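Here is the structure we will look at.
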Amino acid sequence: MRTSVTFFLIINCVYTQCAESNFEIKHHNNQEMEDVLEKIHEKCPDITRLYTLEQPSVNGEELTVIEISDNPGKHEIDEPEFKYIANMHGNEVVGREMLLKLADFLCEEYKKGTEEIQQLVNWTRIHILPSMNPDGWASAAQDGGQDWTTGRENAHGTDLNRNFPDLNKIVYSNEARHMKNNHVLDQLQRLERPLEPETRDIILWLQEYPFVLSANLHGGDLVANYPYDESKTGRPEEYTASPDDATFRALALAYASKHPEMSLINHKPCEMSETEDFAKQGGITNGAAWYSVAGGMQDFNYLSSNAMEITLELGCNKFPPGGELPKLWEQNKESLLNFIWQAHLGIKGVIRDAVTGEGIPAALIQVKNLTSGGMVKHHITTAHDGDYWRLLIPGKYEVVASAEGYDPETVGVEVGSPGHAEAQLVDFELKPLKREFNNDEENMAEENPMDGASGERLREMYEDTLKYASIGKMTDEQLRSFELQLTRYLYDQLSKNARR
């Protein structure tokens, strides 16, 4: 009887896909990594998509991303875009294996019906790049991971985390002159070094997707590192706060606090940072306070896009024995999940045209922290559909939405601590600026009942004129008012087409 029941359960699990994942936590070579991603996609085709970045690596390896979402391949309004990147330094391999396991874990738990994982996937568009530097990994693996530096660089011998355009210098100069503090890539006049193909891939990726939050997984220490990475004065070690310093600290703590060792106040420091006090800081550090890095990916994310990125150092050993990877997964699993949830921190919404109801792309969101009493001097912009996400820690804020050609709108917001839930929804409807008219036009507009007609009504009226239906029924005054309204409508339509 017991044998029959066991056999039935085995057969039932085969058909209901209730068996445990057959994923093996080990060091996967580049081909095995691609195979793993393909198998995950085959297991969960409804919530995954595989795609490659624009260019292969120097040696021709594709940089493959797995997207995990309830609607893969589609940006959904109000759904934040999140990314994890690992193996930027080819010899720092723990993050690479953690992200492969994370992708498999999300797939399996979603299929099982685990409520929190289903919510996370349904509410977040997650992009995972397990290896940014597959060429460096191959070099490090040949060495057995024994050397501290072999494989760190790409196949051209370039440290990819020093290869991004240095936007910090632009922003530090702008701050002194009270100028633009966000999306400053268009102010870059020259490159200090040629961009590697892997670097160009990330830059193009950032322009293609409206990422909200990101983490870059490294190895060699045990700490969550947050911007700025480059010091303002040029000193090798100097705390350099970004305008979002308090939020970045909270994001770093969101990871470190769930890690059983990273946040442990008496954990043993790594050999390379014995003089650092990371444990007493909760397992986090400001990047420039640790050591200044120019041309890093972390600061580039923040200053070229809406993405807030931190760097995660996952352990003292850059290339540990494969037998240690299961333990490292257990140590990092909750942190990896909790950090994705931070994409829902603060507020989100859509900025729309009050007349047409259409989203306004490239609108500006500015925030004043009423709790601390200061303006957060880093603004974000809306995505193509007018949607935005502003990561904020709990507190009271004044939020201003503005766009060229519109009256700005200001609202007060109190941000709470919702835990693992969606961000607070704060929508805006901006009114188009009124044109300057002469007195006759203004009086006519005030007196005529057609003034202020909705975009839909104007569209109907415009169609009527094409049919020569209602024009003849208008008085001279109504006709002049109609022509004025029609001019406004056509002007708005042309402006929208130009913005697209």
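None of the values given here were measured: they were computed from a predicted structure.
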Find out whether [X] and [Y] are in side-chain contact, i.e. whether some heavy atom of one side chain is under 4.5 Å from a heavy atom of the other.
X: Phe278; Y: Leu222; answer: no
X: Thr382; Y: Val350; answer: no
X: Thr371; Y: Tyr397; answer: no
X: Glu61; Y: Pro56; answer: no
X: Trp205; Y: His127; answer: yes
X: Glu271; Y: Cys316; answer: no
X: Phe248; Y: Gln298; answer: no
X: Asp166; Y: Asp299; answer: no

Return the minimal non-hydrogen interatomic distance between [X] and [Y], and the atom names on each side.
X: Leu195; Y: Pro165; result: CD2-CD, 3.9 Å
X: His218; Y: Asn216; result: NE2-ND2, 2.8 Å
X: Glu76; Y: Asp70; result: OE2-OD1, 3.0 Å
X: Gly90; Y: Ala140; result: O-CB, 4.1 Å
X: Asn338; Y: Ala254; result: ND2-O, 2.7 Å
X: Gln342; Y: Leu391; result: O-CD2, 3.5 Å

Give a yes or no on whether the backbone of [Y] and the side-chain of [X] come within a donor-acceptor separation of less than 3.5 Å.
X: Thr124; Y: Ile126; value: no
X: Asp135; Y: Val58; value: yes
X: Asn71; Y: Lys74; value: no
X: Asp201; Y: Gln55; value: yes
X: Gln118; Y: Tyr110; value: yes
X: Ser263; Y: His259; value: yes
X: Asn286; Y: Pro227; value: yes
X: Lys318; Y: Trp148; value: yes
X: His378; Y: Asn182; value: no
X: Asn87; Y: Glu92; value: yes

Between [atom1] of [X] and [atom2] of [Y], what distance do you get to the nearest 0.5 Å?
X: Leu217; Y: Met132; atom1: CG; atom2: CE; value: 13.0 Å
X: Met98; Y: Ser335; atom1: CE; atom2: OG; value: 12.0 Å
X: Ile66; Y: Cys107; atom1: CD1; atom2: SG; value: 7.5 Å
X: Tyr255; Y: Ile310; atom1: OH; atom2: CD1; value: 8.5 Å

Any luck finding a side-chain donor-acceptor pair between [X] and [Y] under 3.5 Å?
X: Asp387; Y: His75; answer: yes
X: Tyr239; Y: Asp245; answer: yes
X: Glu261; Y: His267; answer: no
X: His420; Y: Gln119; answer: no
X: Asn301; Y: Lys83; answer: yes
X: Asn163; Y: Thr158; answer: no

Going by an N to O cut-off under 4.0 Å, is there a salt bridge joining [X] and [Y]?
X: Arg49; Y: Glu67; answer: yes
X: Asp104; Y: Lys39; answer: no
X: Glu429; Y: Arg352; answer: no

Inset, instruction - State which residue, out of Glu324, Glu97, Glu32, fulfils the salt bridge (charged side-chain N to carboxylate O under 4.0 Å, His left out) condition with Lys26. - result: Glu32

Inset, instruction - Check the pair Ile68 / Ile117 against side chain to side chain contact (heavy atoms under 4.5 Å, CB included), numbers first and verdict last. - result: CA-CA 11 Å; Ile68 303 176; Ile117 298 302; over 6 Å; no

Under 6.0 Å between ring centres: does that hold for [X] and [Y]?
X: His28; Y: Phe23; answer: yes
X: Phe319; Y: His27; answer: yes
X: Phe164; Y: Phe300; answer: yes

Inset, instruction - For Leu251 and Leu345, run side chain to side chain contact (heavy atoms under 4.5 Å, CB included): C-alpha distance rounded to whole Å, both residues' side-chain angles, the deciding distance at 0.1 Å, then the answer. - result: CA-CA 9 Å; Leu251 292 171; Leu345 188 70; 4.3 Å; yes

Legend entry - Residues, nucleotides or ligands: over 12 heavy atoms within 6.0 Å of Lys396 NZ: no

Inset, instruction - Decide if atom CD of Glu54 counts as having more than 12 heavy atoms of other residues, nucleotides or ligands within a radius under 6.0 Å. - result: no

Inset, instruction - Give the ring-plane orientation class for Tyr84 versus Phe82, where under 30° counts as parallel, over 60° as perpendicular and anything between as tilted. - result: perpendicular

Legend entry - Parallel, tilted or perpendicular: ring planes of Tyr388 versus Phe428, cut at 30 and 60 degrees: tilted

Inset, instruction - Would you check, one step at a time, whether the test side chain to side chain contact (heavy atoms under 4.5 Å, CB included) holds for Asn266 with Leu264? - result: CA-CA 6 Å; Asn266 59 350; Leu264 195 63; 3.3 Å; yes

Legend entry - Residue from Asn154, Asn133, Thr149, Asp159 passing side-chain hydrogen bond (donor to acceptor under 3.5 Å, both in side chains) with His89: Asp159

Legend entry - Residues forming a side-chain contact (heavy atoms from CB on, under 4.5 Å) with His183, sequence neighbours excluded: Lys180, Asn306, Thr381

Legend entry - Given Val376, Val415, Val399, the one that forms side chain to side chain contact (heavy atoms under 4.5 Å, CB included) with Arg390: Val376

Inset, instruction - Just do the side chain to side chain contact (heavy atoms under 4.5 Å, CB included) check on Val223 and Thr311 with the steps written out, would you? - result: CA-CA 8 Å; Val223 67; Thr311 301; over 6 Å; no

Legend entry - Contacts of type side chain to side chain donor-acceptor pair (under 3.5 Å), residue Glu34, not counting sequence neighbours: Thr64

